[in-house]
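Structure first, commentary second.
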Amino acid sequence: MLLRARKEPGIERSAMIVALYFFCALVFGIDIILEIGHEMREEQHPSFSSTVHLVMELFAEAALIFAVILSCQSYFRLREISKHEHDLGHAIRTGFDKILMAKFHAWSLTKSEREIAVLAIRGVSIAEISVHRKSKEGTVKSHLHNVYVKASVGSRSELLAVLMDELLYSHDLSLDPVHTPTMVHDINQARGQSVG
């Protein structure tokens, strides 16, 4: 697709933080239980300092458990936000592809003009397009000029503006995932393979 989704490292980091808090709370809790068990086996009255120490450890354990709960809540909220952003991004990419294909059809662009138009919209230079297509720069310029004429625009930025306006005012942005490959996606893959 023309627009690419980004991975969010924050979710993985949050999961690690939750796991670390949980591990610390577990180890600290086991240590407190063992300490209380030792005190009970000794059957002696604990000293004031050991009682204060135990109470402080219990408070610290409670704080750790609270931190685990808060970090779990943050983690699940972050996952929910990330999923929503992913779905929205997918809808925008899919909507843009639909608009692109509809406009290309309405403008009666040839296959070569369509491919060059997609690469131009992505910001690929004329020299790079000619290398990618294994054609002369003059041929690319000619095709691009034809695209501008058919689209009634004078430049790349105007072409992109027409498509963005169409996207912004489109009511066809569905959050339902669409798994059909598009010409734009195919061109992006071809370009990635040619660069690699």
Side-chain angles (χ1 to χ4, degrees), residues 1-17 74-196:
M1 290 188 182
L2 187 61
L3 301 175
R4 292 180 180 171
R6 262 187 334 183
K7 285 191 174 179
E8 280 293 335
I11 295 175
E12 293 167 6
R13 198 175 304 122
S14 288
M16 286 178 60
I17 290 169
S74 294
Y75 169 73
F76 287 116
R77 195 175 315 116
L78 188 60
R79 271 186 60 176
E80 189 178 315
I81 290 168
S82 177
K83 184 183 182 321
H84 174 72
E85 287 178 352
H86 177 270
D87 290 346
L88 184 60
H90 181 78
I92 290 170
R93 289 189 303 274
T94 304
F96 195 80
D97 282 351
K98 286 179 183 176
I99 288 165
L100 209 56
M101 295 305 105
K103 284 293 186 185
F104 286 175
H105 180 72
W107 295 333
S108 302
L109 299 187
T110 65
K111 185 179 176 184
S112 295
E113 289 168 351
R114 289 177 185 215
E115 185 174 341
I116 288 170
V118 168
L119 294 172
I121 290 164
R122 287 192 62 199
V124 181
S125 71
I126 291 188
E128 288 175 320
I129 294 172
S130 69
V131 168
H132 170 69
R133 290 184 47 80
K134 298 182 174 79
S135 59
K136 295 181 180 177
E137 287 187 27
T139 306
V140 173
K141 287 178 184 177
S142 174
H143 281 308
L144 204 50
H145 175 73
N146 291 341
V147 171
Y148 295 158
V149 169
K150 291 177 181 180
S152 301
V153 296
S155 66
R156 254 186 233 224
S157 55
E158 286 180 25
L159 179 64
L160 185 56
V162 166
L163 295 168
M164 290 307 293
D165 278 348
E166 191 77 25
L167 177 66
L168 291 173
Y169 295 108
S170 172
H171 300 291
D172 192 29
L173 289 185
S174 165
L175 290 181
D176 295 328
V178 177
H179 300 292
T180 54
T182 62
M183 186 195 86
V184 179
H185 181 259
D186 294 342
I187 289 171
N188 286 341
Q189 281 189 330
R191 184 167 188 264
Q193 289 168 359
S194 70
V195 171

Distance check, rounded to the nearest 0.5 Å: [X] atom [atom1] versus [Y] atom [atom2]?
X	Y	atom1	atom2	answer
Y75	E80	OH	CD	12.5 Å
E128	I126	CD	CD1	11.0 Å
Y148	L159	OH	CG	6.5 Å
I129	K141	CD1	NZ	11.5 Å

Inset, instruction - Might you confirm whether atom CZ of R156 has over 12 heavy atoms from other residues, nucleotides or ligands at distances under 6.0 Å? - result: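 For R156, atom CZ is crowded (more than 12 foreign heavy atoms under 6.0 Å).
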Inset, instruction - Pick out which of T110, L109, I121 makes a side chain to side chain contact (heavy atoms under 4.5 Å, CB included) with V147. - result: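 That would be L109; it is the only one of T110, L109, I121 passing the side chain to side chain contact (heavy atoms under 4.5 Å, CB included) with V147.
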Inset, instruction - Among K83, H84, R79, R77, find the one that has a side chain to side chain contact (heavy atoms under 4.5 Å, CB included) with I81. - result: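 Answer to the side chain to side chain contact (heavy atoms under 4.5 Å, CB included) test with I81 among K83, H84, R79, R77: R77.
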Are the side chains of [Y] and [X] in contact, using a 4.5 Å heavy-atom criterion?
X	Y	value
F104	V118	yes
H105	R114	yes
N146	I116	no
S135	V140	yes
V124	H132	no

Inset, instruction - Under the side-chain hydrogen bond (donor to acceptor under 3.5 Å, both in side chains) rule, collect the residues that match up with S152, sequence neighbours excluded. - result: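 S152: no side-chain hydrogen bond (donor to acceptor under 3.5 Å, both in side chains) contacts found.
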Inset, instruction - Please determine, by modelled atom types, if E115 and H143 share a side-chain donor-acceptor pair under 3.5 angstrom. - result: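 H143 and E115 do not have a side-chain donor-acceptor pair below 3.5 Å.
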Legend entry - Heavy-atom pair of closest approach, residues A120 and L144: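 Residues A120 and L144, closest heavy atoms: CB-CD1, 3.7 Å.
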Legend entry - Non-hydrogen atoms of S130 and E137 that approach each other most closely: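 Minimum heavy-atom separation between S130 and E137: OG-CG, 3.5 Å.
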